[in-house]
Amino acid sequence: MPDPHGASRARRRARCPFPWHGHRVRAAMAKVDPMSDVQTTPKEDEARDYSATLYLPKTEFPMRAGLPKREPGWIAKWADEQLYETLRADSRGREKFILHDGPPYANGHIHIGTALNKILKDFVVRSHQMLGYDANYVPGWDCHGLPIEWKVEENFRAQGRNKDAIPINEFRRECREFATHWLGVQSGEFQRLGVIGDFKDPYLTMSFLAEAQIARELMKFAVSEQLYRGSKPVMWSVVERTALAEAEVEYHDYQSDTVLVAFPVANVNTQAINAVRDNPSEPGSPEDDAIVTDLLEARIVIWTTTPWTLPGNRAIAYGPGISYGLYEVTEAPAENWAKPGELFVVADSLAEQVFKEARVDAYRRRDDVPAAVLAGVTARHPLHGKGYDFAVPLLAGDHVTDDAGTGFVHTAPGHGVEDFEVWMDNKRALEAAEIDATIPYTVGADGRYTREAPGFEGLAVITDEGKKGDANKTVIDALVAAGALIGRGRLKHQYPHSWRSKKPVIFRNTPQWFIAMDTDLGDGSTLRTRSLKAIGDTQFVPATGRNRLHGMIEHRPDWVVSRQRAWGVPITVFVHKETGDVLIDEVVNERIAAAFEAEGADAWFAEGAAERFLGAEHDAADYEKVDDILDVWFDSGSTHAFCLAKRPDLKWPADVYLEGSDQHRGWFHSSLLESCGTRGRAPYDTVITHGFTMAEDGRKMSKSLGNTVAPQDIIDQFGADILRLWVASQDYTDDQRIGPEILKGVADAYRKLRNSIRWMLGTLAHDEGEPLDAATAPELERLMLHRLAELDVEVREAYRKFDYGHVAHTLMTFANVELSAFYFDIRKDALYCDAPSSERRKAALAVVRTLFDALVGWLAPLLPFTMEEAWESRGHTRSIHREPFAAIDPAWRDDALAERWERVKKVRRVVTGALEVERRDKRIRSSLEAHPVVRIADDSLRAAVEAVHFDDVVITSAVTIEAGAPDESAFTLPEVPGVSVRIGKAEGKRCARSWKVSPDVGTDPRYPDLSPRDAAAMAEIDAGAA
RNA sequence: GGGCCUGUAGCUCAGGUGGUUAGAGCGUACGCCUGAUAAGCGUAAGGUCGAUGGUUCGAGUCCAUCCAGGCCCA
């Protein structure tokens, strides 16, 4: 049997031994305009090469994008032509759509999460610009704060200079320079991603204007009396005389004294017990009486590794889920601290261990002590009668465990975060019980006891050298003397140390500034109620963000806004030395703000600042100038105030805030509080959150696992548009994944899309701009216009809903399935071969042009580089980014037509299936060799097929449609009942130009090797060239 | 440990109010074309819908528990 396949291969090889030469030859030919390169005198002795007479795709738009190299060129071009400024001018007077930028922190290079964030913002901005808004984007940077201070401090240390020895404004100047450097770096990195915005005039939290406005905002809180001075324990390094953040602390082994201390029960409130009991209908049952009587004789045992905090003790915390017992010591050595007959309350699971440490030989459990009973217990301080005569309430705390200690936690609200929180949570109840909720300042900045630790004043907890002082020993001695100590020991454990001095740190109570969540603002609302209402008025994408933010605001404590730092906006407040009142004077406040606007916040720290700002009206000697720095969250929470509200090219409130979902705790949160406190509503209408970027396996990226992906690497290897397409093809509201396989997939998808655009460009090289007339266009063209009308609605809606995944998936599927594999494939014959005068060809060109304009526009927000390139390749000199989305006539929509074509496509599938069998069995190779005979039982279906050029639709040289029941021996598809297809060989000769097989080839004697259509086309071409 | 959230083919995603053999694109394999050519077309394979238990005539869809992962707290 002959092998036609092999033979044809052999023939090709014989013609050209170097197959790859073909590319060059064809490429060279493709550059020649077929219109001017027509052979006018066909030679009779050899077959004429008609390929030069076809309207083949012709374009300089390369198949391979070379994005990493070429993208910077587009950026330079946009800068040259001042695209951003032009867009603003273009859209002057339009409705504004404002996405307000959440400021990244100005230190270090951007990472993949930052890139995702900025790209998403760019999608929002560009798509709304093309939807017809004035979508102005002003990027911003967060410039103050600790991390920059650390770096600057490090730099000074490298020069052998200590932070304390540097004048504060010199230090601040260095911080400013550091931030300036990094925001410059990041600005370049953002622009490299294709982000468009006002990079020449961004907003900075350290600009003088911002610093002035931030101070103004803070002073608004002072004026409305939402700002108050309270206290809070902070980690304190005695050696360095400074507060430390958690990140500045490292844990090292440390030997601590441990003590078991007994607190005598002072009072048992049976009412309180009953209030907590499951069955309050049985108050004062005999059982309870027994416990109460016993308890009044008993002592509650605590265990601590910091005996020096006992003067600061104000409460005892117990675990509501822990089972406690009342124990009696029955045997103990003489002279033991815990003596036979004494009663102690401890957690059951820890009793054995506690009594062992207390050197008790034998004990017995007398009774249960339910948590409900403990709720009503008040104890006495072990140093009662020596200046510690207050009540020590028992408080429920979820932080209490029964895996170590006694099941009771000695609570000194000034010396621990959890202690502080339990204390504050119970503040109202304590005050109701007439217990003073004030937290004492028992230890000073020098690490020594103050007057508020009676009997121990002046003793050092930690010395200036970082060694243990006498505090522990003295306190323990006092406890022994009071008979309160029942055990002691030593423990080596991990204990926080300063990362600089490596010396141990302590928690000590310090004055701090708070913004009250629950102060009545005069209209019955509080910051909390206002914020919760504002959350209700805000739209969240995804919707779950509302719950998350609501839950946080609902339960958060007052906002601590003070930091004992150097680099930031100061808390510009004066406190009267005697009354402790905050000075409220608008004249002073305005003096401060005006000075900041002119000189920056450094003015607060300049010589004579207090006198300058207080002026003649107030005596500076009467006031304390607060030198604390504002929490940077207050800075960024105020961006709406100094950026949105101040810039005439923006508006307040913003349409959209868009950040990572971690910002529910951060920027969304602080902006909401700030804005509700000063303006009564949120600074945004919509909050969009994105998830986090994970490695390919769905796990967190980490340097140690080596699964990190840097945006710079992706840009260098693939280009920014690939990174952007990655962003667009993910559901950003959830966590995303990235890695080599995923990027390869994105690059593949990009290449396919790019090729479809390239083909359109090549085809449109022959477009002479014949106007589109939908009414007279062939059905197939009208079908494509119908789809455009549908897509127009779909794409615009998806952009309005910020659903970029939907845009990307829809458009890529459309380009692949309906264009490349269907419409383009079918219309190649008409577009390549039809005569210059062909209406069909002109209609197809007009539709391809319309498709191109629509697609390039729709994709421009996602792929700004590639679409600009495509747009320019069409000969446009005006950037695609200045265009609105293409105007699509809604009248193009024709559902009846589309429905008919859906059925035609089904029949097409049967034909394609039948052709595949023929190909597999080597009866045909190209579909143009086939002549399908299609038998259709259903009349309306047959009519639909007959109404179209079905041979074109299935890309065969001929087709026959028959009525009748399906031929069982022919090819059928179960999902398309009533249709059978038999494939015959197309009869006649192959047309040398169109390659279609037809008995009519040679009808025109002038072109014996052509079909009539091609002959007529050639006649026109030859005549035109003559 | 608490709050919020996620888990559908190798990859990226669809799957209103529970209803026949769970879909798409890409990728893969195979075939065709060689006039989109480091391209284009076709066909096919590929899923215990994270797991288990329950509600129901019927669950990817509802409930519970568990597992894995994420963010924020502790």
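Side-chain atoms are counted along with the backbone in the values below, which use heavy atoms only and exclude waters and symmetry mates. Naming convention: chains lettered A, B, ... in sequence-line order (proteins, then strands); numbering from 1 in each chain.
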Distance check: side-chain N/O of [X] vs OP1/OP2 of [N], anything under 4.0 Å?
{"X": "A:Tyr55", "N": "B:G35", "result": "no"}
{"X": "A:Lys922", "N": "B:G31", "result": "no"}
{"X": "A:Arg699", "N": "B:G69", "result": "yes"}
{"X": "A:Lys700", "N": "B:C71", "result": "yes"}
{"X": "A:Arg919", "N": "B:G31", "result": "no"}

Could you state the atom-to-atom distance from [atom1] of [X] to [atom2] of [N] in whole Å?
{"X": "A:Asp829", "N": "B:G40", "atom1": "CG", "atom2": "C1'", "value": "15 Å"}
{"X": "A:Leu54", "N": "B:A36", "atom1": "CG", "atom2": "P", "value": "10 Å"}
{"X": "A:Phe822", "N": "B:G25", "atom1": "CZ", "atom2": "P", "value": "14 Å"}
{"X": "A:Arg925", "N": "B:U43", "atom1": "CZ", "atom2": "P", "value": "20 Å"}
{"X": "A:Glu60", "N": "B:A36", "atom1": "CD", "atom2": "P", "value": "18 Å"}
{"X": "A:Glu818", "N": "B:A24", "atom1": "CD", "atom2": "P", "value": "14 Å"}
{"X": "A:His550", "N": "B:G3", "atom1": "NE2", "atom2": "P", "value": "17 Å"}

Salt bridge present between [X] and [Y] (N-O < 4.0 angstrom):
{"X": "A:Asp825", "Y": "A:Lys828", "answer": "yes"}
{"X": "A:Lys985", "Y": "A:Glu929", "answer": "yes"}
{"X": "A:Lys700", "Y": "A:Asp735", "answer": "no"}
{"X": "A:Lys752", "Y": "A:Asp748", "answer": "no"}
{"X": "A:Glu916", "Y": "A:Arg919", "answer": "yes"}
{"X": "A:Asp834", "Y": "A:Arg841", "answer": "no"}

| task | State whether a side-chain donor-acceptor pair under 3.5 Å links A:His806 with A:Glu797. | result | no

| Do A:Tyr750 and A:Arg754 get their side chains close enough for a donor-acceptor pair, meaning under 3.5 Å? | yes

Distance-only donor-acceptor test, [X] side-chain atoms vs [N] base atoms, 3.5 Å:
{"X": "A:Ser820", "N": "B:A36", "result": "yes"}
{"X": "A:Trp995", "N": "B:G35", "result": "yes"}
{"X": "A:Lys752", "N": "B:A39", "result": "no"}

| Which sits closer to the 5' end of RNA chain B, A:Ile955 or A:Glu421, going by the nucleotide each is nearest to? | A:Ile955

| query | Closest nucleotide of RNA chain B for A:Thr813 versus for A:Leu819: which of these residues is on the 5' side? | reply | A:Thr813

| query | Are A:Arg874 and A:Phe61 in a cation-pi contact, defined as NZ or CZ under 6.0 Å from the six-membered ring centre and within 45° of the axis? | reply | no

Within the structure shown, what part of the strands sits under 4.0 Å from [X] by heavy-atom distance: base, sugar-phosphate, or nothing?
{"X": "A:Val817", "answer": "sugar-phosphate"}
{"X": "A:Ala992", "answer": "base"}
{"X": "A:Asn755", "answer": "base"}
{"X": "A:Arg556", "answer": "nothing"}
{"X": "A:Gly698", "answer": "sugar-phosphate"}
{"X": "A:Met63", "answer": "sugar-phosphate"}
{"X": "A:Thr763", "answer": "nothing"}

| note | Of B:G35, B:A36, B:U34, the nucleotide closest to the side chain of A:Arg990 is B:U34

| task | Give the nucleotide from the list B:G42, B:A38, B:A36 with an atom nearest to the side chain of A:Glu916. | result | B:G42

| So what stems show up for RNA chain B if we need 3 or more Watson-Crick or G-U pairs in a row, all under 3.5 Å? | B:1-7 with B:67-73, B:10-13 with B:23-26, B:28-32 with B:40-44, B:50-54 with B:62-66

| note | Heavy-atom contacts, protein to nucleotides 8-14 of chain B, under 4.0 Å, summarised as B (base), S (sugar-phosphate only) or - (none) per nt, yield --SSBS-

| Stepwise side chain to side chain donor-acceptor pair (under 3.5 Å) check, A:Asp1014 with A:Tyr50 | CA-CA 10 Å; A:Asp1014 292 89; A:Tyr50 287 106; over 6 Å; no

| query | Counting N and O atoms only, with roles assigned by atom type, does the side chain of A:Tyr799 sit under 3.5 Å from a partner on the main chain of A:Trp858, one being a donor and the other an acceptor? | reply | yes

